[in-house]
S.K.: 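My questions all concern the structure below.
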Amino acid sequence: MSISKTYSPREAEDKWYNYWMEKRFFRSVPDDREPYTIVIPPPNVTGVLHMGHMLNNTIQDVLIRRARMQGKNACWVPGTDHASIATEAKVVAMLRERGIEKKDLSREAFMEYAWEWKEKYGGIILEQLKKLGASCDWDRTKFTMDQDLSEAVVDTFVHLYKKGWIYRGIRMVNWDPKGKTAVSDEEVVRKEVNQKLYYIKYALIDQQPTGSHQPSVNSYVVIATTRPETIMADAAVCINPNDGRYKHLKGKSVYVPLINREIPIIEDEYVTMEFGTGCLKVTPAHDLNDYELGVKHRLSVIDILNDDGTLNEKAGILVGEDRFAARKKIAELLDLHHHLEKVEDYKSQVGFSERTDAAIEPRLSMQWFCKMGEMAGPALDYVLDGEIKLIPDKFVNTYRHWMENVKDWCISRQLWWGQQIPAWYNQHGDWVVAKTREEALDGFLEKADPDRKFSENAARGFKAQLDPFLKQDDDVVDTWFSSWLWPISVFDTSVFGDPANPGNADLQYYYPTNDLVTAPEILFFWVARMVMAGHEFKGEAPFKNVYLTGIVRDKLGRKMSKSLGNSPDPIGLIGKYGADGVRVGMLLCSPAGNDLMFDESYCEQGRNFANKVWNAFRLLKGWEIDDSMPFANAVPVAWFGNRFAEALEEIDQHFDGYRLSEALMATYKLVWDDFCAWYLEMIKPAYQQPVDRETFNHTKAFFSQVIRLLHPFMPFLSEELWHDDVFGERAESDCCIVAEYPVLGHPTNEVLLSEIQAVKQLISEIRNLRNSKQLSPKEALPLTVKSGSDTDYQVYKDIIVKLANVSEVAISEEKVTGAASFLVGRDEFFVSIPTGLIDAESERERITKEIGYLRGFLKSVDAKLSNERFVANAKPEVVENERNKKADAEAKIRILEENVIRLT
RNA sequence: GGGAGCUUAGCUCAGCUGGUUCAGAGCAUCUGCCUUACAAGCAGAGGGUCACUGGUUCGAACCCAGUAGCUCCCA
């Protein structure tokens, strides 16, 4: 029976993924084995798979599959987060298409639409992960707005509020006027933008009445600003007290242009004298720094913007205009009224909403905050103490810097899609925080009657009266306020209401998880906060290792993005190169923690590798076995066994250090070079010749090991081959995915490994000789060995004969005249070729060159050895090594010198 | 402006605690092969002032200082 010449991934992928699901190999329940757990960084429920996910999830799947094969109880928990801003934006867009405005809907009606949308479009990404081969325990799939996870969020809110770690306050927040919500600092993307710097004249008011006229050079001051539309919100003009130019302004006032409101001139060293004119307009309601300045100098706060970014009546003019339209118009007005001195081009950093791309408006508003101070300390210690390892560890510095300068977390969002804040207000705007309406009523009762003096009736009456006015906070909490609970909440949500509760069996078994694989961009607002929540609710870090992947860039180094259109469609790639090919491709170019310059050619390399393995298998499969033949390949079999052990040791070390791309490369070379190019060629019978039983069995066993080694990287191909009938009948649950991972054993025969190394070099030399002399590979050449080492080349005769097409391997004490010669180590080899092909001149040149090289080498070695300080200071083994090098070089030079003489 | 990191072959990267004349891998390139497992392949070959300048050392790609360029994070 013949199998196709190339591996075709498509059928294998669907077939085996379904089979794994059917046999429930991904399923994990607690038992007495050691757990190995990963929780997926929940992708946005509205998202589709992009290259970053591909990388991230390939890594997780490699780790989880390897652990599973190593006999651990491997559990990979999948799920999605509800991405409040992104999802709400999509729902709003959908409604608009249907002609419905959000503001016309009740909260309940809107939520119905939102859930409908989520059911319809949400979770596509999880289906896409299956195409990649992700072996998640799908029965455990979680969503951050699941009933229990939402309850966990509310419990957490109440818990932290009771501890005094959640508070409500007026703060300057990053306002997204398009999404009409506050966003966190982390959700603001700063970009450099070409702007204009407007130089505006503010008329001076001479406060000193008659008598002491000061000869004023200017009757106005000039202020440079990029935001002229905010002048109506100005509360002061600020100068630096050290600025000699403006001494005359101290204690005076100016008029705000156009509206002629009087504002004071204040002094503060905050002002940069060199920037603009050195005069700053202070607008506390619309700039963070100005706000702080305003607080310091007790300035009034005039907020002239509506939540959608249009000007409100407090602006006095241009009411209802959008802020950007207003900017243009105000510039014109200023110009018209001769308040504009000049306009310059100016580049500056402007924040944009990550979700809606609207320019962020610093805005004062009432928000809920979570205190970070108390939680940051322990969360930092886990990392500094090494209880949590960041990989690569360069991120420890960044982590520390952030944790030591942490700011309180604004957790409220002016949205509906998410967990509604469990704060309840009465008609006077007083509030209590409570899990339910009932508890809120109790809360108000307790506030009103702290000493419980009310009769039962009075209490009931109080609540009945309050009830119609009781209103829950309109806002929801930030999505990260759900995801920071993720490593706990996916298993058990009972601990959030009661941290003393040890949790259910799942939580006790799987928590803390082992590895977290995520992007460095969210180290702070996700990883760090998970550590905080883990510590708060479990008293233990949520994971042991955090593997931080790089950003997937295109080969020009640009971040892959939809707008650039430089990101390949991952599902398309899988179709083109196979899931295994793409997985290999991703890993080949992904050093830990560094960005990767992705190029499709890596996937091609992955596909080619899959095909190589496939064809090696075809070779084995095609062999006929002759039971009467004796075992002919003891040496190759012994060698590959040792080589495999040696490579496995290296691969394991790479895995231990999370150097996955190097683990893959080591595997790749073991399979392609050692197994295919050397081992299989050594044992391969001549065309249409049978192979002996023992060789066949050993090779089959090697193959089985190789397939297992490949499985974490290439699950589909390995599973497909695993079930080939070459391996006989397999039991239903006998699958590669649960086969035992090769167990580390040290190579037992170092001599054999190094001697084969020499043999391989010898064979390459002969092949090279043929190539350079254009000798046919079909013509067998006689080989003579003049050994200078302990190696017995007769042991390797069969291998040399086969791979170098040598007619004989003669051992001699003498040099062979009229033959091509070369050295491997201290062993000298002679290949008889037609004398006409030996060019004495070029031969002499080659050898002379080599001697020159060796003499240089020897000189440097001698220099070291004759240097007393070297011999005195260097480690003994280093000195010993130098002596060996010296002897080796001298022996080689002697041989080569003889050869040069013989050529003449 | 503050902090972190990077710079090694055409490309992507290794190079652990200085010690082979140490400069390495994969891909790409070049040469020769359709040798019945594989042209998605086989056999060979070429390719680098380890960013630059100094210093420490018996010895530096590796340690130190400075310079230049790039990237990221925070303001």
Side-chain angles (χ1 to χ4, degrees), chain A residues 2-3 5-7 185-186 190 272 288-289 349 392 394-402 405 407 520-521 523-524 550-551 553 555 557 559 577-578 581 588-591 593-599 601-602 604-623 653-654 657 659 661-662 664-666 668-669 672-673 676-677 680-681 684 687-688 763-772 774 776-778 803-805 852-861 863-875 877-879 881-882 884-886 888-889:
Chain A
S2 69
I3 57 176
K5 222 172 157 178
T6 51
Y7 168 58
D185 290 345
E186 290 82 4
R190 286 176 191 283
T272 313
L288 182 57
N289 296 313
Q349 296 278 321
K394 67 177 177 186
F395 287 108
V396 172
N397 282 335
T398 334
Y399 184 86
R400 177 175 40 207
H401 185 258
W402 192 78
N405 296 283
K407 283 184 286 180
E521 302 138 54
L523 182 61
F524 312 128
I551 296 166
R553 299 173 178 279
K555 61 176 174 181
K559 193 169 171 173
Y577 301 104
L588 278 174
C589 58
S590 59
N594 280 334
D595 289 357
L596 50 135
M597 309 297 158
F598 179 80
D599 189 79
S601 66
Y602 288 108
E604 195 181 336
Q605 194 182 344
R607 178 203 59 181
N608 293 355
F609 183 45
N611 198 48
K612 182 72 189 176
V613 177
W614 177 259
N615 275 290
F617 193 78
R618 281 180 66 215
L619 176 68
L620 172 79
K621 202 172 158 53
W623 283 338
Q653 278 166 15
H654 287 316
R659 295 183 296 268
S661 66
E662 288 181 62
L664 170 60
M665 187 45 74
Y668 180 95
K669 286 195 275 192
W672 199 310
D673 299 342
C676 295
L680 289 177
E681 292 299 332
K684 185 165 130 185
Y687 181 53
Q688 288 190 332
I763 291 165
S764 288
E765 290 282 2
I766 297 174
R767 286 170 173 172
N768 190 11
L769 179 72
R770 264 190 225 278
N771 243 338
S772 62
Q774 304 208 315
S776 160
K778 285 178 182 142
L803 299 191
N805 194 18
Y853 169 87
L854 284 166
R855 284 201 179 123
F857 176 66
L858 185 62
K859 201 173 149 194
S860 80
V861 175
K864 281 186 202 175
L865 286 171
S866 56
N867 183 329
E868 279 171 35
R869 302 174 73 177
F870 170 74
V871 181
N873 295 332
K875 282 181 261 175
E877 58 267 32
V878 172
V879 179
N881 195 25
E882 293 301 310
N884 289 339
K885 276 154 61 180
K886 178 181 161 81
D888 202 52

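All chains are named by letter (A, B, ...) in the order of the sequence lines, taking the proteins before the strands, and each is independently numbered beginning at 1. Every heavy atom of this structure was used, including side-chain atoms; hydrogens, water molecules and symmetry mates were not.
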S.K.: Distance-only, no hydrogens or angles: does the A/Asn615 side chain make a donor-acceptor pair with backbone N or O of A/Asn611 under 3.5 Å?
M.R.: yes

S.K.: Could you check whether the side chain of A/Tyr853 and the base of B/U21 have a donor-acceptor pair of N or O atoms closer than 3.5 Å, going by distance alone?
M.R.: no

S.K.: Which nucleotide sits closest to the side chain of A/Glu662: B/A43, B/C58, B/A14?
M.R.: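 Per side-chain heavy atoms of A/Glu662, the pick is B/A14.
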
S.K.: Under 4.0 Å, heavy atoms only, any strand: does A/Lys886 hit a base, just the sugar-phosphate, or nothing?
M.R.: nothing

S.K.: Let me know, please, whether A/Ile551 or A/Tyr602 comes out on the 5' side of the other along RNA chain B by nearest nucleotide.
M.R.: A/Tyr602

S.K.: Any chance you could measure A/Gln605, atom CD, to A/Tyr668, atom OH, to the nearest 0.5 Å?
M.R.: 4.0 Å

S.K.: For atom C1', what is the distance between B/C74 and B/G66, given to the nearest Å?
M.R.: 26 Å

S.K.: Check the distance between B/A43's C1' and A/Lys778's NZ and give it to me in whole angstrom.
M.R.: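 Nearest whole value for this atom pair: 14 Å.
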
S.K.: Please determine if a side-chain N or O atom of A/Arg607 lies less than 4.0 Å away from the OP1 or OP2 oxygen of B/A40.
M.R.: no

S.K.: What is the base-pairing partner of B/A25, counting Watson-Crick and G-U wobble geometry with both distances under 3.5 Å?
M.R.: B/U12

S.K.: Expressed as a whole number of angstroms, how long is the span from A/Leu619:CG to B/U35:C1'?
M.R.: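 In whole Å, B/U35 C1' lies 14 Å from A/Leu619 CG.
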
S.K.: Which of the following nucleotides, B/A37, B/C58, B/G26, is nearest to the side chain of A/Met665?
M.R.: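 Selected nucleotide (nearest to the side chain): B/G26.
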
S.K.: Expressed in whole Å, how much space separates the C1' atoms belonging to B/G44 and B/U35?
M.R.: 15 Å

S.K.: What is the separation between atom CZ on A/Phe395 and atom P on B/C74, rounded to the nearest whole Å?
M.R.: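 Those two atoms, CZ and P, are 12 Å apart.
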
S.K.: Can you tell me, in whole Å, how much space there is between the C1' of B/A23 and that of B/A61?
M.R.: 8 Å

S.K.: Across all strands, who's sitting opposite B/G19 as a Watson-Crick or G-U wobble pair, both distances under 3.5 Å?
M.R.: B/C58

S.K.: Between atom CD in A/Glu765 and atom C1' in B/A45, what is the gap in whole Å?
M.R.: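 Between C1' of B/A45 and CD of A/Glu765: 12 Å.
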
S.K.: How far does the C1' atom of B/A65 sit from the matching atom of B/U57, given to the nearest Å?
M.R.: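 Taking atom C1' in both B/A65 and B/U57, they lie 16 Å apart.
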
S.K.: Please answer whether the main-chain N or O of A/Tyr7 pairs with a side-chain N or O of A/Arg607 as donor and acceptor at a distance below 3.5 Å.
M.R.: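 No, A/Arg607 side chain to A/Tyr7 backbone: no donor-acceptor pair under 3.5 Å.
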
S.K.: Quick one: which of B/G26, B/U57, B/A37 gets closest to the side chain of A/Arg869?
M.R.: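 Minimum distance to the A/Arg869 side chain belongs to B/U57.
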
S.K.: May I ask you to verify if any side-chain N or O of A/Asn768 is less than 4.0 angstrom from the OP1 or OP2 atom of B/A45?
M.R.: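 Looking at the OP1 and OP2 atoms of B/A45, one of them is under 4.0 Å from a side-chain N or O of A/Asn768.
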
S.K.: Under a 3.5 Å distance rule, please check whether A/Arg553 uses its side chain to pair with a backbone N or O of A/Phe598 as donor and acceptor.
M.R.: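 The answer is no, because no donor-acceptor pair under 3.5 Å joins these two groups.
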
S.K.: Should B/C30 form a Watson-Crick or G-U wobble pair with both distances under 3.5 Å, which nucleotide is its partner?
M.R.: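 Here B/C30 is engaged in a pair, and the nucleotide opposite it is B/G44.
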
S.K.: Write down the distance separating the P atoms in B/G48 and B/G3, rounded off to the nearest Å.
M.R.: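 Going atom to atom, P in each nucleotide, I get 39 Å.
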
S.K.: For A/Glu681, answer base if it contacts any base atom (sugar-phosphate contacts may also be present), sugar-phosphate if it contacts only those atoms, and nothing otherwise; contact means non-hydrogen atoms under 4.0 Å.
M.R.: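 Base, at least one base heavy atom under 4.0 Å.
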
S.K.: Would you indicate, yes or no, if B/G44 has its OP1 or OP2 atom less than 4.0 angstrom from a side-chain nitrogen or oxygen of A/Ser764?
M.R.: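 Yes.
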
S.K.: If I take atom CZ in residue A/Phe870 and atom P in nucleotide B/G19, what distance separates them, rounded to the nearest angstrom?
M.R.: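 Atom-to-atom, A/Phe870 to B/G19, this comes out as 12 Å.
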
S.K.: Within less than 4.0 Å of OP1 or OP2 of B/G41, is there a side-chain N or O belonging to A/Asn608?
M.R.: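 It does, given that an N or O in the side chain of A/Asn608 lies less than 4.0 Å from OP1 or OP2 of B/G41.
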
S.K.: State whether A/Lys684 places a side-chain N or O below 4.0 Å from either non-bridging phosphate oxygen (OP1 or OP2) of B/U36.
M.R.: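 False: A/Lys684 side-chain N/O out of range (4.0 Å or more) of B/U36 OP1/OP2.
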
S.K.: Looking across every strand, which nucleic acid part, if any, lies under 4.0 Å from A/Phe609 by heavy atom: base, sugar-phosphate, or nothing?
M.R.: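 Nothing: the residue A/Phe609, judged by heavy atoms under 4.0 Å, touches no strand.
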
S.K.: Can you tell me how the ring of A/Trp672 sits relative to the ring of A/Phe609, calling it parallel under 30°, perpendicular over 60° and tilted otherwise?
M.R.: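 The rings of A/Trp672 and A/Phe609 lie parallel, inter-plane angle below 30°.
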
S.K.: Identify the nucleotide, in any strand shown, that forms a Watson-Crick or G-U wobble pair with B/C70, with both distances under 3.5 Å; if there is none, say none.
M.R.: B/G5

S.K.: Mapping A/Ala677 and A/Lys669 onto RNA chain B by nearest heavy atom, which one lands closer to the 5' end?
M.R.: A/Lys669

S.K.: Are A/Lys885 and B/U21 close enough that a side-chain N or O sits under 4.0 Å from OP1 or OP2?
M.R.: yes

S.K.: Closest heavy-atom contact between A/Lys864 and A/Val871?
M.R.: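 Of all heavy-atom pairs spanning A/Lys864 and A/Val871, the closest is O-CG2, 4.3 Å.
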
S.K.: Ignoring backbone atoms, test whether A/Tyr687 places a side-chain nitrogen or oxygen under 4.0 Å from the OP1 or OP2 oxygen of B/A37.
M.R.: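 Indeed not, no polar side-chain atom of A/Tyr687 lies that close.
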
S.K.: Between B/A43 and B/U36, how many Å separate the two P atoms, rounded to a whole number?
M.R.: 14 Å

S.K.: Atom CG of A/Asn397 and atom P of B/C74: how far apart are they, to the nearest Å?
M.R.: 15 Å

S.K.: Counting side-chain heavy atoms from C-beta on, which of B/A40, B/G26, B/A37 comes nearest to A/Asn611?
M.R.: B/A40

S.K.: Taking only the C1' atom of each, what is the distance from B/A28 to B/A9 in whole angstrom?
M.R.: 11 Å

S.K.: Report yes or no: does A/Asp888 contribute a side-chain atom to a donor-acceptor pair with the main-chain N or O of A/Asn884 at less than 3.5 Å?
M.R.: no

S.K.: Just how far, in rounded Å, is P of B/G18 from NZ of A/Lys864?
M.R.: 15 Å

S.K.: Figure out the NZ/P separation between A/Lys5 and B/A40, and round it to whole Å.
M.R.: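 The answer, rounded to whole Å, is 9 Å.
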
S.K.: Please give the nucleotide sitting opposite B/U36 as a Watson-Crick or G-U wobble pair, both distances under 3.5 Å, or none.
M.R.: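 Matched B/U36 with nothing under the 3.5 Å cut-off.
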
S.K.: Could you give the distance separating B/C70 and B/C52 at their C1' atoms, to the nearest angstrom?
M.R.: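 Comparing C1' positions in B/C52 and B/C70 gives a spacing of 15 Å.
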
S.K.: Check A/Cys676 against A/Lys612 and note the closest heavy-atom contact, atom names and distance.
M.R.: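 The answer is CB-CE, 3.7 Å.
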
S.K.: Please step through side-chain contact (heavy atoms from CB on, under 4.5 Å) for the pair A/Leu596 and A/Ile551, ending with a clear verdict.
M.R.: CA-CA 6 Å; A/Leu596 50 135; A/Ile551 296 166; over 6 Å; no

S.K.: Over all strands shown, is A/Ser601 touching base, sugar-phosphate only, or nothing at heavy-atom distances under 4.0 angstrom?
M.R.: nothing

S.K.: Should A/Trp672 be listed as having a side-chain N or O under 4.0 Å from OP1 or OP2 of B/C42?
M.R.: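 True: A/Trp672 side-chain N/O within range (under 4.0 Å) of B/C42 OP1/OP2.
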
S.K.: Please determine if a side-chain N or O atom of A/Thr6 lies less than 4.0 Å away from the OP1 or OP2 oxygen of B/A40.
M.R.: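 No, outside the criterion.
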
